[in-house]
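To start, the structure itself, in structure tokens.
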Amino acid sequence: MPQHLPRAARDWAEIQERMLVPLYEAVYDRLEVGPHTRLLGLGCGSGLALLLAAGRGAEVTGLDTDEHRLALARARLLGEPQRGGRPYAVRLAHGEPAARAARPEGAPYNLVTAFDARPHAATLSAAARHAERGSTVVLADWGPAERCAAAPALRIAARLAEPLHHGACWQPRGRDDLENLARQAGLSPDGSGRVSCPFGYADLDSAVRGLLSTGFYAAAVRATDEGQVRKELAETLHPHVRADGTVWLPNLFRYVIARV
């Protein structure tokens with residue numbers, strides 16, 4: 001893992017991203033992702049979801065606007081051959097789908113995922129234009145706040161941030177938000193699912209670092225300072241510290257399957 005990158009990017013790759021593996025695996029199992037899959041991952045981050053798909057034989061393309069996370073994805077996906085010594089079929093690009101999503105050759109995508117991108121409808125529409133008709137688009141987000149133990153800690157971000165920046169902070173999602181987003185992008189919702197994604201940390205410091213790495217707290221840190229945000233996070237997480245010092249936050253995530 002590159003050590004010269006910002007701590008938040010490394011904490012995302014080393015601590016936080018793995019918390020979403022149950023979501024990735026549930027979607028890939030349901031859609032039978034394998035050698036026939038040509039996947040476009042929006043907001044691919046440091047590439048763990050892409051790595052799991054590539055490990056199933058899929059051809060994967062990842063897009064992200066965070067160059068630091070992309071550097072980690074390159075180290076993770078391009079630096080390691082798969083079993084048998086062959087390289088993974090991977091392409092990574094920095095930018096938005098309108099400019100960077102096109103496949104350089106071969107058939108168009110047949111699966112688009114937005115696991116952690118919180119994309120705008122225009123972003124989804126741009127990505128869908130590079131997928132074949134009838135392809136699957138998967139949108140995912142947090143489930144109901146009352147089913148997410150991390151919600152009180154995530155609400156700290158909006159409380160400490162300036163009001164103009166609340167949109168960049170975590171917000172509870174409505175029951176039909178993902179379906180409405182899909183329709184706004186010109187897609188047809190065709191199913192949904194819920195997945196348990198517990199956040200488990202070795203200790204309180206790891207929990208604070210992991211949550212800070214999500215990017216939800218950037219506006220709060222600018223409005224106050226990182227020390228204040230860390231202090232409030234630690235206080236909010238303290239009831240979830242178990243006798244052995246580990247931190248356990250049961251959460252529910254939801255995904256929607258839509259068609260191009």
Side-chain angles (χ1 to χ4, degrees), residues 17 20-66 69-70 73 77 88-143 173-195 197 253-260:
E17 191 177 23
L20 300 179
V21 166
L23 171 65
Y24 305 152
E25 294 285 25
V27 169
Y28 292 164
D29 286 345
R30 179 167 175 173
L31 299 179
E32 299 182 343
V33 167
H36 62 284
T37 305
R38 300 179 299 278
L39 184 153
L40 171 62
L42 304 179
C44 68
S46 49
L48 182 55
L50 296 180
L51 179 65
L52 295 173
R56 294 169 177 245
E59 296 180 25
V60 300
T61 296
L63 294 182
D64 206 292
T65 57
D66 187 328
R69 288 189 181 183
L70 270 179
L77 283 152
Y88 288 121
V90 176
R91 187 173 74 93
L92 299 169
H94 178 261
E96 297 288 350
R100 305 304 303 274
R103 278 172 57 83
E105 58 184 22
Y109 302 107
N110 55 18
L111 173 60
V112 178
T113 60
F115 285 125
D116 191 51
R118 294 175 290 279
H120 296 294
T123 301
L124 283 175
S125 295
R129 285 196 291 272
H130 297 286
E132 62 187 19
R133 185 174 180 83
S135 295
T136 302
V137 179
V138 178
L139 310 177
D141 210 337
W142 294 78
R173 299 300 181 184
R175 177 178 176 179
D176 298 321
D177 281 3
L178 290 176
E179 285 87 349
N180 291 337
L181 175 59
R183 293 187 186 99
Q184 290 166 17
L187 307 172
S188 302
D190 190 34
S192 64
R194 291 185 172 190
V195 182
C197 290
F253 277 69
R254 184 169 181 267
Y255 67 87
V256 163
I257 294 172
R259 303 291 174 184
V260 176

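All heavy atoms count here, side chains included; hydrogens, waters and symmetry mates do not.
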Inset, instruction - Report yes if the side chains of Asp141 and Asp177 come closer than 4.5 Å at any heavy-atom pair, otherwise no. - result: no
ask   = Salt bridge or not for Glu32 and Arg56, using N-O below 4.0 Å?
value = no
Can you find a heavy atom in the side chain of Leu178 that is under 4.5 Å from one in the side chain of Arg254? yes
On a heavy-atom basis, the closest approach of Gly41 and Thr113 is CA-OG1, 3.5 Å
Across all chains, not counting sequence neighbours, the ring-ring contact (aromatic ring centres under 6.0 Å, His included) partners of Tyr24 are Phe115
The reported gap from CG in Leu51 to OG in Ser46 (rounded to nearest 0.5 angstrom) is 10.0 Å
message: Donor-acceptor check, side chain of Ser125 to backbone of Gly186, threshold 3.5 angstrom: yes or no?
response: no
Checking Ile257, Val195, Val33, Val138 against Val27 for side-chain contact (heavy atoms from CB on, under 4.5 Å), the one that qualifies is Val138
- prompt: For the side chain of Glu17 and the backbone of Leu48, is there at least one donor-acceptor N/O pair under 3.5 Å apart?
  reply: yes
Tightest non-hydrogen contact, residues Ser135 and Tyr109, listed as OG-O, 3.2 Å
Residue pairs passing the salt bridge (Lys or Arg N to Asp or Glu O under 4.0 Å) test with at least one member in residues 36-46, sequence neighbours excluded, are Arg38-Glu132
Q. Side chain of Asp64, backbone of Gly45: donor and acceptor closer than 3.5 Å?
A. yes
Those residues at least two apart in sequence (or on a different chain) that pass salt bridge (charged side-chain N to carboxylate O under 4.0 Å, His left out) with Arg30 are none
Rounding to 0.5 Å, atoms CD (Glu25) and CG (Leu20) come to a distance of 12.0 Å
CZ of Arg259 to CG of Asp190, rounded to nearest 0.5 Å, is 4.5 Å
Only one of Val60, Thr61, Leu111, Leu50 passes side-chain contact (heavy atoms from CB on, under 4.5 Å) with Leu40, and that residue is Thr61
Rounding to 0.5 Å, atoms CG (Asn110) and CD (Glu59) come to a distance of 9.0 Å
